[in-house]
Amino acid sequence: RALANQSLFLPVPAAYDRWSAMYDTYDNPMVFMASQIVERSLAQVAGQAVFEFGCGTGRNLAALERLGASSLAGCDFSPGMLSLARQRGPSWRLFEQDMREPVPLPAESADLVLFSLTLEHVEDLR
């Protein structure tokens with residue numbers, strides 16, 4: 001019996017940990033389109049403090065840094081994804097946590113808050 005015919009069901013953080021090593025090289029049209037939207041929609045981010053929920057490997061944070069964001073922070077619940085984000089942006093403030101939990105930052109510490117390809121993982125948006 002071929003391994004390819006077997007299904008493996010993992011909790012979302014564990015699945016993203018497994019995917020993290022190839023996430024940025026995987027040809028995913030949804031990720032590509034989201035990246036394009038972030039870069040085009042947020043072109044006026046220069047000088048702003050940004051926080052991203054579900055920052056993953058830091059792809060969006062890197063784009064926002066190139067666009068001139070003054071400070072960058074984010075959270076993700078996948079240690080594998082955060083490990084890559086920390087390599088990509090050593091000066092970014094990154095937190096390993098579920099985005100449904102309070103962020104360990106002062107209120108109003110971000111000018112812009114970003115959710116990209118994350119809310120579909122939240123069962124109850126309330």
> Got a donor-acceptor contact below 3.5 angstrom from the D76 side chain to the G56 backbone?
yes
> Taking all heavy atoms of S109 and all of A49, pick out the closest pair and write down the distance.
O-CB, 3.7 Å
> Please lay out, stage by stage, how M99 and F115 fare under the test side chain to side chain contact (heavy atoms under 4.5 Å, CB included).
CA-CA 10 Å; M99 67 182 171; F115 291 85; 4.2 Å; yes
> For the atom pair CZ (R93) and CZ (R86), what is the distance rounded to the nearest 0.5 Å?
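The CZ atom of R86 is 12.0 Å from CZ of R93, to the nearest 0.5 Å.
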> Taking the side chain as every heavy atom from C-beta outward, state whether F51 and L105 have any pair of such atoms under 4.5 Å apart.
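Touching, per the 4.5 Å side-chain cut-off.
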> Can you sort out the partners of P104 under side chain to side chain contact (heavy atoms under 4.5 Å, CB included), two or more places apart, ordered by chain and number?
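Once residues adjacent in sequence are excluded, the partners of P104 under the side chain to side chain contact (heavy atoms under 4.5 Å, CB included) criterion are F95, Q97.
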> Quick one: closest heavy-atom pair of A62 and W92, and the distance?
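Looking at all heavy atoms of both residues, the closest pair is N-CH2, 3.5 Å.
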> Looking at CG of L84 and CZ of R59, how far apart are the two atoms once the value is rounded to the nearest 0.5 Å?
11.0 Å
> Nearest heavy-atom pair of L61 and C55: which atoms, and what distance?
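Smallest interatomic distance, heavy atoms only, reads CD1-CB, 3.9 Å.
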> Can you see which heavy atom on E96 is nearest to which on L82, and at what distance?
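Looks like CA-CD1, 3.3 Å.
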> When rounded to the nearest 0.5 angstrom, what distance separates CG in L64 from OG in S71?
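Going from the CG atom of L64 to the OG atom of S71 covers 11.0 Å.
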> Tell me, please, which residues at least two apart from Q44 pass side chain to side chain contact (heavy atoms under 4.5 Å, CB included).
none
> Taking all atoms of both residues into account, what is the closest heavy-atom pair of T57 and M81, and its distance?
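For T57 and M81, the tightest heavy-atom pair comes out as CG2-SD, 3.4 Å.
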> Measure the CD-CG distance between Q48 and L112 for me, rounded to the nearest 0.5 Å.
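That separation rounds to 6.0 Å.
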> For the residue pair D111 and V50, establish whether any side-chain heavy-atom pair is separated by less than 4.5 Å.
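With C-beta onward as the side chain, the pair stays apart.
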> How far apart are the closest heavy atoms of A73 and L94, and which atoms are they?
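Of all heavy-atom pairs spanning A73 and L94, the closest is C-CD2, 4.5 Å.
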